[in-house]
Amino acid sequence: MAVAILEYFHPLRNGFQSWLHSSGADSGIWFLGYGCGWATLLSLLLLTLFHFSRRLLFFLFASSSPQPSPLSAATPNPLSPSGSNPESRTSELVSEADLKFLVKNLDEIDESESWEAVIDKRNNLLHYNAKCCKPKNAPVKYLSVTVFENCTPELLRDFYMDNNYRKQWDKTVVEHEQLQLDRSNGTEIGRTIKKFPLLTPREYILAWRLWEGNDKTYYCFIKECEHPSAPLQRKCVRVRYFRSGWRIRKVPGRDACEIKMYHQEDAGLNVEMAKLAFARGIWSYVCKMHAALCKYPSSSQPGSDPATALSLVQKIPSGIETTDNFKGTPENPTAPAATLGMSMMGSRKRKLERRQSGKVVANGLLLVGGVICLSRGNCSLGAKVAMGYLLTKLGKHNARQSIGES
């Protein structure tokens, strides 16, 4: 989820100034007479603040870089330095219970959860959709499904497990190192540092494990942990709660592969702002990931990396993997997308209504300032002419909008 924040940030533009130039208004409006200029400037200031309110709130939230909440306290970790041999207890980190937890979330067994559609995007080679829900007293949960055309489960599995290659294409990852590998059950521990604009770097100490199911289906579960080789650093904020995992499998009847991912973490970010950044930036991130996937076979160098969880993949225990079928059959592969599309249409309609109400408020502020300016008797003639011109342009613009919407 947090990687999408990087794609959301762009240089701020002076929206009102560009609108002013496009309207052809005389720059002399800024030199209004003393008696009425204060009213106009005040209204324009309110208009500008309203225009940038979301970005300003985002910057205020981001610059604070709060520490993770008390909920982020991880479960007791068997690798905490307590005098015992860490290597003998690595197998306790990611267990079969975690795998059962992952399968339960991927199959969406809990029908009491209320999910909200976040994004649904596609092109000829890629389809991505995601939804989220907010459990009580817990971080936001995300479920996403990505379908890659012309891809095999083995290729996608290798791509997702290759952390060294990720450093080449994922610009948020500035450092990654393997800390430990349990060859008895394939549990791997690593340390990753991610850097996001305007935020203190986030440090992840994670343990993960890979399983192979039926018909070339693969499961991976990842969770936070502690390790003696990774003491706390003052320059980073350590993520204390992290639960994530995925299932990779072939799409029936097509030369395509699907990865369904469950993700839940508390990185100390404001919930609503993090959701906004995710919705705005995740599609760009997924497209970059797809471009890296297309280059992966020629870019990677098998054999150059040390042993990893990929080389120690485990067989999934019997009774855990479900017979969950694709909701869209080969004859009707777009059935789930159509259902999700209806909810996304409703979400877009609500956003459009909010945007239109925002324009009404902004235009109202400008109108009030203009009326005050023109009603003052001691205003200069040039100021009145300029403001009258602006109000005329505003009226024409609103009229064109009304015609277009009708």
Side-chain angles (χ1 to χ4, degrees), residues 1-9 62-63 65-68 72 74 77 79-81 86-87 90 93-94 158-182 186-210 220-246 261 263-269 274 277-278 281-282 284-286 288-289 291-293 295-296 299-312:
M1 180 273 297
V3 293
I5 296 178
L6 181 65
E7 305 300 332
Y8 176 73
F9 281 89
S63 60
S65 298
Q67 295 289 336
S72 301
N77 201 294
L79 289 183
S80 299
E87 295 184 1
T90 311
L93 285 176
V94 184
D158 294 351
F159 174 77
Y160 264 83
M161 297 295 294
D162 195 335
N163 289 302
N164 288 324
Y165 182 60
R166 181 177 291 272
K167 290 190 294 184
Q168 300 179 28
W169 65 267
D170 189 346
K171 300 307 179 183
T172 66
V173 178
V174 296
E175 186 177 340
H176 175 80
E177 60 177 331
Q178 184 189 79
L179 299 178
Q180 190 174 340
L181 178 66
D182 187 343
T187 300
E188 184 177 0
I189 303 173
R191 171 179 174 269
T192 301
I193 295 180
K194 294 184 177 182
K195 184 68 176 72
F196 307 104
L198 305 176
L199 296 177
T200 304
R202 262 48 181 177
E203 182 184 39
Y204 298 80
I205 310 299
L206 304 174
W208 57 91
R209 189 174 170 188
L210 182 67
C220 180
F221 187 75
I222 313 161
K223 65 191 296 187
E224 85 291 330
C225 69
E226 299 293 333
H227 196 276
S229 301
L232 288 172
Q233 300 186 48
R234 307 187 81 181
K235 64 180 182 179
C236 298
V237 174
R238 179 164 296 185
V239 176
R240 298 289 189 178
Y241 186 93
F242 189 96
R243 298 288 190 277
S244 187
W246 45 256
M261 178 172 289
H263 187 86
Q264 188 177 22
E265 76 171 278
D266 184 359
L269 304 177
F278 177 85
I282 189 61
S284 177
Y285 178 82
V286 170
K288 288 182 179 180
M289 179 175 63
L293 174 63
K295 300 176 183 177
Y296 181 62
S299 300
S300 61
Q301 297 178 355
S304 61
D305 296 336
T308 64
L310 177 58
S311 60
L312 300 172

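Remark: Y160 pairs with W246 by the ring pair (Phe, Tyr, Trp, His ring centres under 6.0 Å) rule, at least two apart or across chains. Annotation: salt bridge (charged side-chain N to carboxylate O under 4.0 Å, His left out) contacts of R191 (sequence neighbours excluded): E175, E177, E203.
In this structure, L206 CG and L93 CG are separated by 11.0 Å, a value rounded to the nearest 0.5 Å. Separation of atoms CE (M161) and OG (S311) is listed at 9.0 Å; rounding is to 0.5 Å.
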Run W169 and L293 through side chain to side chain contact (heavy atoms under 4.5 Å, CB included) and show every step you take.
CA-CA 10 Å; W169 65 267; L293 174 63; over 6 Å; no
Go through the steps to decide whether Y204 and E265 satisfy the test side chain to side chain contact (heavy atoms under 4.5 Å, CB included), and finish with yes or no.
CA-CA 11 Å; Y204 298 80; E265 76 171 278; 3.1 Å; yes
Working for side chain to side chain contact (heavy atoms under 4.5 Å, CB included), residues F196 and T172
CA-CA 6 Å; F196 307 104; T172 66; 3.9 Å; yes
Would you check, one step at a time, whether the test side chain to side chain contact (heavy atoms under 4.5 Å, CB included) holds for K223 with V94?
CA-CA 8 Å; K223 65 191 296 187; V94 184; 4.1 Å; yes
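Ring planes of Y296 and Y165: tilted class, angle from 30 to 60°.
Annotation: side chain of V174 is not in contact with side chain of P201 (no heavy-atom distance under 4.5 Å). Within the 4.5 Å cutoff, no side-chain heavy atoms of N163 are placed close to those of T308. Looking at heavy atoms from C-beta onward, F221 lies in side-chain contact with R243 at the 4.5 angstrom threshold. In this structure, the side chains of H227 and Q180 come closer than 4.5 Å at one or more pairs of heavy atoms.
Exactly one residue among E226, Q233, E224, R202 makes a side-chain contact (heavy atoms from CB on, under 4.5 Å) with R238. That residue is E226.
Here the closest heavy-atom approach between residue I189 and residue A207 is recorded as CG1-CB, 4.1 Å. Here the shortest heavy-atom pairing between D266 and V239 reads O-CG1, 3.6 Å. Among all heavy-atom pairs drawn from C220 and L210, the shortest one is CB-CD1, 4.0 Å.
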